[in-house]
Q: 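Here it is, the structure in full.
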Amino acid sequence: MMLLALVLVPLIVGTLLFALPAAAQTLSRVIGVVASLATVVLVLAARGDDWSVRWLSRPFTAAFHLGLSGLSFWLALLLTVVTLSAIVACNASARRDLIAQLLFLEGTMLGLFLARDLLLFALFWDAMLLPVFFTLLARASHVTTAWRYFLYNFAGGLALLLATAAFGVLFGSTDVIGQAGVHVIGAWAPWILGGFALAFLVKTPVFPLHTWMPLTYADTPPAMVAVVSAVQSKAGLYGFIVIGLAFFPDYMKAYAGIFLVLGAISLIYGALAALAQSDTKRIVAYSSLSHLGLILIAIFSFNTIALQGAGLYLIAHGIFSAALFLVLGFVEEREETRSLTHLGGLGALNPRLAGALCIAALAALGLPGLAGFAGELLIITGIFQSGLLWAALLALIPIVLAAAYMLRLFQGVMNGPQRSDLPIRADLSWREGIALAPLVLALLALGTIPGALLQTVIK
Amino acid sequence: MIHHVMGVDGTYPLLLTLWLLPLLGGVLCWAFGPQLKTAAGWLASGALLASFVLTIVAWPTATQNLNGAVGAHQALVSWMPGFDFGLLFDPLSLIWTCIITGVGFLIHLYSIGYMHGDRAFARFFAFLNFFVFAMLTLVLSDNFAGLLIGWGLVGLASYFLIGFWFEKPSAVAAARKAFVINVVGDIAIMMAIFIMIAKVGSVGYGDVFSHVAAFGPTLFAVCVCLFIGAAAKSAQLPLHTWLPDAMEGPTPVSALIHAATMVTAGVYLIARCAPLWNASPDAQLLVGTVGGLTALVGAILGTAQWDIKRILAYSTMSQIGYMIMGVGVGAYEGGVAHFFTHAFFKAQLFLGSGIVIHALANEQDVRRMGGLRKKLPFAFFAMLIGVLAICGLPGLSGSFSKDAVIQGALEHGHPWLYVVGVVTAGITAYYMFRMLFLTFTGAHRGEIDPSHLGMRHPELVGTPHGDSHSEHHHAPAWLMNVPVAILIVPTIAAGWLLFGGGASWWATFFATTFAPETLPAAPISEMATTGIVLLIVALGFLVAYLRYGRMGDAKAAAEKLRMETVHAFPALTNAFYFDAALDALFVRPAAWLGALSAQILDPHIIDGAVREIVHLARSLGNGVRAVQSGLLRAYVLLVVGGAVVFIAYYTLIGVHR
């Protein structure tokens, strides 16, 4: 029951928020913080739980089946912590609707990661599009972005739904996530895998299906894009691990070449594109393309060390990309621009803001001792061990590029002479510091003692 | 598998304390900077002094020998199989720890005076202490992954301190350049780690060194990867271009990080991996050659610099070239000894130049100096000793270690490197005395208009290069003089530890670290080498004296310097075009490809294709047009449509699965 509560609490509280008057901004923020804090507690309390209700018996068996263990526990924990941070980071001008949509987003994604049934997984997959879509749609200038986000991801969602249906018909049950020994074979199997893969590749995203992402990340409010980039982008990779690797291992291996090449292109393409951006959020967006491409390669190298590294890096990337987007949001709130050509020299008067951006950027560029490094090291170790020498060598190049674009981002915002044309605002507030604190602590902990996570993340 | 551990296993609280104290000091300075004010400097220095004292107290544990396990091994944490972290305190890490904490303490003390009045005084000491912690992590780690963590963290500390005055665009650019080039080294070491994991299954020093045979033909690849890492950190060709730019940092930083300690990490790495290099003669030849070339190129470029700190930077590059050449050819004791003595005399030279820069209100261009001997007698004396030591005047520290490297090259069968070493010694004498004459002798040229000295863009070439902190704050002079005075002692005397050849204290100390080897007698004896080097050095001195030692009055000197500036070889003023080449080969292509993907491929090619598909779909008719006709309706329609398809499938085919 705790698992059901975990999914329902944010959804119900989110709905109730709409009952509040739109002017009750402070109240809605407080309610949002309490609700998301409750989900963090619930995730920690419900670890290892499993809860199931029979749902469909025809045309195939399906169950409302939730479980919380292994990788899904860590992703759920990441999601709830990042959501909490994001809501705490919302300033007084955040509208009631944003808080409500953040809770919807949390609830639908918790459903996704907890789902132990493919049909349930597919339904939550489509549902989690809506909060972002409606939030974007609310701003007239972002309507194009909203539709682009929706159409790309819905096309993927449709493929996922069809693949799920076919899976159910072929196998007789969709209540299979987390079960060992489920292997789908036959003439239809590659097509089913293809349907899943299309959805996963769009969601991650992977080249050449990525062009919705820089726009979406740039236009979505910082609090929401922190959650989207930290957690929603992991849904596809999570799917490849719990669905692809588990049910279609042979076909995954047979078609690995395609995914390895797409991952490798994303890896390099994203890093190069990040070098050329002048919008701070788009730099992080393209860096995400690069980093998640690395995880895709890790999954398709079929190596235990690489897979453990992938699990670690999924979480690490979630934390540092959330931290980056939140801090860049703070900068944008203060200076009313995201352009590196206008920003600069903020560090002198905002040492705490500079420190926060610095730590997030360093984790993103894979500084040894922070979370990103441990993941990258394990992933490339595994890739190398699996015999993919070309992929291992290729994976090293973006580390150098990441140093260049992340420092360019940090220095472009914080260093250089103070700009007289920028408004002078207060340094990082207590509220903003508290929002970032759990993320920064997690980056340090995962960098120095990743063992605790590694032992449980991939069995 | 069996774990091969170097060092006696146990719990060593002293070792842990001396490792963590600088971290604690750094965190305190960082967190309580505004409250601590100038006390931050004393706190940070105190942490280092304590660390140094503990190093001396813990000395016996580093030299203990229990059944062949030399030193102390302290286990820490385990990431996963193959990645076990721990500390190793043996003679090699002991020597580095002594220099890091000892010379580090003196430079901290000096910084209290030098940085007095800086707006971010406490932050400076936080970074400096953090650097020491990172450097200790590097040299105390018992495995390659831990070394890599230290390797990356010293790079970060270096980045912070090069860009310490981050409002200066040149400092910001220099910091980024240093960091990015060092990441190139980091990924090379990562590559070596991958091979180790694949071949040995562990990154522990003990495991790797006891399974050298397991590498087979990949051993050379491992050595090359490690050496690329060493070259990036230790400014070896062609990855040296960041070091001269790194002089943008405050002078104590140049002394500690970019002369005495961090830039010698490559020497440490190769000395640590002696078992690998001993098994790969190709790698030895490669490293020895690159080291020798770096020594030569650094010295040649040093002759063409006008900025006193850039002269010292190229000198550092050249001297590290000597060390790398030494450890590369297999003369480990000589190479490490040159690190040891260089740390003293180069720190002293940098700190001496800091006194000059401080006294001249941040002037760094030697063309605008001259005649400072009377004004700054102590700085002159200290730098004179340093110059004599680096040139290798017999009896001073530099001569012992440099001759050991040069002679080592010959003994290990590399006569060409011997010649390079001797020639470089002569050039070294030339550019060091050139600096000394230009700075301290002759007439003072500070009042001469920069354009009369050939400095066409004084705002680019001259003063603003300097440290940008206010000159109005003057700390007591003794704070800067005392550390320099203390450094004079080892600058003169440290070399005597090498006296006595194979029976010297130094050789005995490292007897268990580097396997002693019997080499055929060299065709030239040690005494003869010392004589030859001395002769060449005297020649270098003579040329420097003739050109810069008697330049007449200020006007005549200025005219000579103007002529020299105007007629300088373009190849030298452009530092042999290394920067331009790296820029053309890597930086600009990356920027170009980035612009291509972001401005052409993404918006026009990929999106263009998608737009075409959408247009095609739209023209197909009503069904798809509904997408535009109302958002909720379209969504429901699509979901229902999907459902219809699979129910239809089920009813038609799906009964028998």
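Just so we're on the same page: letters track the sequence lines, and every chain starts at 1. Remember, predicted model here, so these are calculated numbers, not experimental data.
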Q: Which heavy atom of A/Gly347 sits nearest a heavy atom of B/Phe166, and at what distance?
A: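 Shortest heavy-atom separation between A/Gly347 and B/Phe166 comes out as C-CZ, 3.8 Å.
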
Q: Surrounding CG of A/Leu389 (heavy atoms of other residues, nucleotides or ligands, distance under 6.0 Å), is the total greater than 12?
A: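 Atom CG in A/Leu389 is packed in, count exceeds 12.
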
Q: Out of A/Gly355, A/Ala273, A/Gly416, which one racks up the most heavy-atom pairs below 4.5 Å with chain B?
A: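 The candidate making the most pairs under 4.5 Å is A/Gly416.
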
Q: Heavy-atom distance under 4.5 Å to chain B: side chain of A/Leu209, backbone, both or neither?
A: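 Neither the backbone nor the side chain of A/Leu209 comes within 4.5 Å of chain B.
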
Q: Are B/Phe83 and A/Leu377 close enough, and set up right, to give a side chain to side chain contact (heavy atoms under 4.5 Å, CB included), and what steps lead you there?
A: CA-CA 11 Å; B/Phe83 290 98; A/Leu377 185 70; 3.8 Å; yes

Q: Any salt bridge linking A/Arg282 with B/Asp602? Criterion: basic side-chain nitrogen under 4.0 Å from a carboxylate oxygen.
A: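 No salt bridge links A/Arg282 with B/Asp602.
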
Q: Can you tell which of A/Tyr152, A/Tyr269, A/Tyr286, A/Phe207 has the highest number of heavy-atom pairs within less than 4.5 Å of chain B?
A: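 Ranked by contacts with chain B, first place is A/Tyr269.
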
Q: Kindly compute the distance separating CG (B/Asp607) from OG1 (A/Thr211), expressed to the nearest 0.5 Å.
A: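 Result: 4.0 Å between the selected atoms.
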
Q: Can you say whether A/Leu367 sits under 4.5 Å from chain B via the side chain, the backbone, both, or neither, judging by heavy atoms?
A: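 Just its side chain gets close to chain B.
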
Q: Of the listed residues (B/Gly152, B/Ala598, B/Ser597), which shares the most heavy-atom pairs with chain A below a 4.5 Å separation?
A: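 Top count of heavy-atom pairs under 4.5 Å with chain A: B/Ser597.
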
Q: Is it the side chain or the backbone of A/Leu370 that comes within 4.5 Å of chain B heavy atoms, both, or neither?
A: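 No part of A/Leu370 comes within 4.5 Å of chain B.
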
Q: Using non-hydrogen atoms and a 4.5 Å limit, figure out which bit of B/Arg123 sits close to chain A: side chain, backbone, both or neither.
A: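 For B/Arg123, there is no contact with chain A at all, as no heavy atom is under 4.5 Å.
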
Q: Does any heavy atom of chain B fall under 4.5 Å from the side chain of A/Ala374, the backbone, both, or neither of them?
A: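 Both backbone and side chain.
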
Q: In terms of heavy-atom proximity below 4.5 Å to chain B, should A/Ile383 be classed as side chain, backbone, both, or neither?
A: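 Nothing of A/Ile383, per the 4.5 Å heavy-atom cut-off to chain B.
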
Q: Could you grab the distance from atom CD1 of A/Ile380 to atom CZ of B/Phe194, nearest 0.5 Å is fine?
A: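 Separation between the atoms: 4.5 Å.
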
Q: Walk me through whether B/Met191 and A/Leu396 qualify under side chain to side chain contact (heavy atoms under 4.5 Å, CB included).
A: CA-CA 8 Å; B/Met191 194 63 217; A/Leu396 288 170; 3.6 Å; yes

Q: Starting at CD1 of B/Ile195, measure out to OG1 of A/Thr381 and round the result to the nearest 0.5 Å.
A: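 The CD1 atom of B/Ile195 sits 11.0 Å away from the OG1 atom of A/Thr381.
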
Q: Taking atom CZ as the centre, does B/Arg119 end up with more than 12 heavy-atom neighbours from other residues, nucleotides or ligands that are less than 6.0 angstrom away?
A: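 Open.
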
Q: For the residue pair A/Leu275 and B/Ala590, what are the closest heavy atoms and their distance?
A: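 Looking at all heavy atoms of both residues, the closest pair is CD1-CB, 4.0 Å.
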
Q: Just so I know, are the side chains of A/Asn415 and B/Lys168 near enough to count as touching, which here means a heavy-atom distance under 4.5 Å?
A: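 A/Asn415 vs B/Lys168: side chains apart.
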
Q: Given a strict heavy-atom distance threshold of 4.5 Å, which part of A/Leu362 is in contact with chain B: side chain, backbone, both, or neither?
A: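 The side chain, not the backbone.
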
Q: Is B/Tyr159 close to chain A through its backbone or its side chain, or both, or neither, when contacts mean heavy atoms under 4.5 Å?
A: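 Contact with chain A is through the side chain of B/Tyr159 alone.
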
Q: Against chain B, work out which of A/Ala392, A/Gly345, A/Gly369, A/Ala348 has the most heavy-atom pairs shorter than 4.5 Å and name it.
A: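 That would be A/Ala348.
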
Q: Mind listing the closest non-hydrogen atom pair of B/Val183 and A/Ala403 along with its distance?
A: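 That would be CG2-CB, 3.8 Å.
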
Q: Please determine, among B/Ile193, B/Ile181, B/Val77, B/Ile197, the option with the most heavy-atom pairs under 4.5 Å with chain A.
A: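 With the most close heavy-atom pairs to chain A, the winner is B/Ile197.
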
Q: Going from CG on B/Leu156 to CG on A/Leu365, what distance comes out if it is rounded to the nearest 0.5 angstrom?
A: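 Nearest 0.5 Å value for the CG-CG distance: 8.5 Å.
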
Q: Side chain, backbone, both or neither: which part of B/Leu601 has an atom under 4.5 Å from a heavy atom of chain A?
A: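 Both the backbone and the side chain of B/Leu601 come within 4.5 Å of chain A.
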
Q: Does A/Val400 form a side chain to side chain contact (heavy atoms under 4.5 Å, CB included) with B/Ile187? I'd like the steps, not just the answer.
A: CA-CA 8 Å; A/Val400 180; B/Ile187 62 167; 3.6 Å; yes

Q: Please report the shortest heavy-atom distance between B/Arg176 and A/Arg408, naming the atom on each side.
A: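 Nearest heavy atoms, B/Arg176 then A/Arg408: NH1-CA, 3.5 Å.
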
Q: Can you tell which part of B/Phe160 gets under 4.5 Å to a heavy atom of chain A, answering side chain, backbone, both or neither?
A: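 Contact with chain A is through the side chain of B/Phe160 alone.
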
Q: Given the options A/Ile397, A/Leu401, A/Leu378, which has more heavy-atom pairs under 4.5 Å with chain B than any of the others?
A: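 Ranked by contacts with chain B, first place is A/Leu378.
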
Q: Can you tell me which portion of A/Thr448 sits under 4.5 Å from chain B's heavy atoms? Options are side chain, backbone, both or neither.
A: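 For A/Thr448, the backbone is the part near chain B, not the side chain.
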
Q: Is the number of heavy atoms from other residues, nucleotides or ligands within 6.0 Å of CH2 (B/Trp592) greater than 12?
A: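 At most 12 heavy atoms, drawn from other residues, nucleotides or ligands, come within 6.0 Å of this atom.
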
